[in-house]
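As a basis for the values below, the full set of heavy atoms in this structure was taken, side chains included, without hydrogen atoms, waters or symmetry mates. Letters A, B, ... are given to chains in the order of the sequence lines, protein chains preceding strands, and every chain is numbered from 1. The shown structure was predicted, so the numbers you read here are calculated from the model rather than taken from an experiment.
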2 protein chains.
Amino acid sequence: MKENTGKSKYVILGMLARMPLTGYTIKKWLENEYSHFWQESYGQIYPTLKILVAQGLAVCSDKGEHGNGRGQIVYSITDAGRKELSEWMREKPEIEKLRYEILLKISFGENTESEVLIGHLDDFIRRNEDLIKEMKDCMENFSQLMGEGIDCTYSRLTALCGEYVYSAMKDWAEEAKKIIIEKGES
Amino acid sequence: MKENTGKSKYVILGMLARMPLTGYTIKKWLENEYSHFWQESYGQIYPTLKILVAQGLAVCSDKGEHGNGRGQIVYSITDAGRKELSEWMREKPEIEKLRYEILLKISFGENTESEVLIGHLDDFIRRNEDLIKEMKDCMENFSQLMGEGIDCTYSRLTALCGEYVYSAMKDWAEEAKKIIIEKGES
DNA sequence: TGATTTATATATCAATATGATATATCATTA
DNA sequence: TAATGATATATCATATTGATATATAAATCA
């Protein structure tokens, strides 16, 4: 079993801190709510869950115990797990490592026609428009829940970040298009 | 030798398309000019360079041939390499996968004190201010080069993206701080 | 009713990527 | 001249992804 010094451990602990979950529901929840700023694969989730249990940070039900007959294993956080999570929360977040393929292609722009770059930027603008809409819908949904007395301040904050960043990306791409078109005309 | 279907291959080709480089200079150049949106490690660069040669996409000098006696191996792109790069340039860029630890910590905010979150946000604001300054300096530098007749449109565009995104991040963090403080007061 | 498709669920693995480290030479500085 | 730092190649354990295998249950449909 690997040491697992990465972040997967804490992501899963953070999710388990809200409610008991199966590996599958962790994956689905990540895809729906976290995918804009975090990803985990099954290849990380299942081994990490076992490590959490081995380290006493989580406990698991027997296969099928709470189950619907499909052999599901439900994991719950322990007090030690909450302590570990709380300690990690205090640590300074690491500088993010990104891989923006569109920026790579723009920076290598001299190796293709400007039409190709503009095509990529158009796709990018459209995608960011969709994402902005998604974030706004999300915000509205959270606002409604807040009205009903359900506190989702922190989830709302991550959606707000999405709105800000995707808007900036869209604005940049539109400006970039203009600059590339100008360059072509000169 | 691995298949290497990832992106490292194209990043290196894109850099070699400008000038012949050693593995070391590729790494340093990436750190200086690309690190805001792309990273590669030595563990990727050196094996990938060998694969590029094996696939006829690059050629290398003998150890020390052009060298200063330090055994450097200089890699140059071939016509086949330029063709491969050009084909990749046309492909739609993949959706970026990000890992923003600060957003993860904000979204798990209920597991710590609001002072901890505000501390992280303050650090984040300061870092983004530095980055905005760095991007602006970079832009100015490129503008000067443009004045001297050196075309660096594409590098300027990536710096512009940095300016937009880091500004958005800073604005978000300031708004997030306000919301967290408000929540604490209510 | 039975057949097909979709969703739930665990699990593994090859390929990819990171981060740290080992080794050695040359250049600069104290 | 000894120490430090920059240049340079290389490897490895760990981390991570993306795809796939396997199986059951639920929903849809003919």
Side-chain angles (χ1 to χ4, degrees), chain A residues 1-12 20-32 34-35 37-53 58 60-75 94-101 104, chain B residues 1-12 20-32 34-35 37-53 58 60-75 94-101 104:
Chain A
M1 204 173 280
K2 306 284 175 64
E3 184 57 30
N4 203 285
T5 53
K7 300 289 150 63
S8 309
K9 180 172 159 176
Y10 302 105
V11 181
I12 294 175
L21 295 162
T22 68
Y24 183 78
T25 48
I26 286 170
K27 175 73 170 141
K28 291 297 140 187
W29 193 9
L30 277 164
E31 280 170 8
N32 290 327
Y34 295 83
S35 62
F37 57 88
W38 204 272
Q39 300 84 37
E40 293 288 343
S41 63
Y42 285 127
Q44 284 293 106
I45 293 167
Y46 284 109
T48 303
L49 282 168
K50 285 181 183 170
I51 291 167
L52 289 179
V53 173
C60 67
S61 69
D62 285 342
K63 223 175 183 176
E65 184 188 301
H66 297 89
N68 51 12
R70 243 174 300 180
Q72 66 178 1
I73 305 166
V74 181
Y75 291 84
E94 257 176 43
I95 291 172
E96 42 283 342
K97 303 278 153 73
L98 323 170
R99 278 187 152 197
Y100 268 92
E101 194 174 331
L104 210 51
Chain B
M1 204 175 280
K2 306 284 176 61
E3 184 58 29
N4 205 286
T5 52
K7 301 287 149 65
S8 310
K9 179 172 160 176
Y10 302 105
V11 182
I12 295 175
L21 295 163
T22 68
Y24 184 77
T25 48
I26 287 170
K27 174 72 170 141
K28 291 297 138 186
W29 192 10
L30 277 164
E31 280 171 8
N32 289 327
Y34 296 82
S35 62
F37 57 88
W38 204 272
Q39 302 83 37
E40 293 286 346
S41 63
Y42 286 126
Q44 285 292 106
I45 293 167
Y46 284 109
T48 303
L49 281 168
K50 287 181 182 170
I51 291 167
L52 289 179
V53 172
C60 67
S61 70
D62 285 343
K63 220 175 184 177
E65 185 189 298
H66 297 89
N68 50 14
R70 242 172 301 180
Q72 65 177 2
I73 305 165
V74 181
Y75 291 83
E94 257 176 44
I95 291 173
E96 43 282 343
K97 303 277 153 72
L98 323 170
R99 278 187 151 197
Y100 268 93
E101 194 175 330
L104 209 52

Atom CD of A:E101 and atom P of C:dT16 are separated, to the nearest Å, by 15 Å

In whole angstrom, give the distance that lies between atom CD of A:Q72 and atom P of C:dA7. 17 Å

With a 4.0 Å cut-off on N to O distance, would you call B:E40 and B:K9 a salt bridge? no

Give me the distances for all protein-to-nucleotides 17-19 of chain D N/O pairs that come in under 3.5 Å?
unit_1, atom_1, unit_2, atom_2, d
D:dG18, OP1, B:K97, NZ, 3.4

To the nearest 0.5 Å, how far apart are CG in B:L49 and CD in B:Q44? 11.0 Å

Got a sec, which residues hit ring pair (Phe, Tyr, Trp, His ring centres under 6.0 Å) with A:Y24, two or more places apart in sequence or on another chain? none

Set of side chain to side chain donor-acceptor pair (under 3.5 Å) partners for B:E94, sequence neighbours left out: B:K7

Between C:dT10, D:dA10, C:dT12, which nucleotide gets closest to the side-chain atoms of A:K50? C:dT12

Side chain to side chain donor-acceptor pair (under 3.5 Å) partners of A:K97, counting only residues at least two apart: none

Quick check on C:dT10: is either OP1 or OP2 less than 4.0 Å from any side-chain nitrogen or oxygen of A:Y24? no

Whole-Å distance between D:dA23 P and A:I73 CD1? 16 Å

With sequence neighbours excluded, residues passing side-chain contact (heavy atoms from CB on, under 4.5 Å) with B:E96: A:Y100, A:F124, A:R127, B:L98

Report the distance from atom NZ of A:K27 to atom P of C:dT8, rounded to the nearest whole Å. 14 Å

Under 4.0 Å between a side-chain N or O of B:T22 and OP1 or OP2 of D:dT9? yes

Rounded to whole Å, please give me the gap between CD in B:E96 and P in C:dA17. 16 Å

Rounded distance in Å - CG (A:L21) to C1' (C:dT8): 14 Å

B:E31 CD to D:dA8 P, straight-line distance once rounded to whole Å: 13 Å

What residues form a ring pair (Phe, Tyr, Trp, His ring centres under 6.0 Å) with A:F37, not counting sequence neighbours? A:Y34

Under 4.0 angstrom between B:S8 side-chain N/O and C:dA17 OP1 or OP2: yes

Between A:Y75 (OH) and C:dA9 (C1'), how many Å, whole number? 11 Å

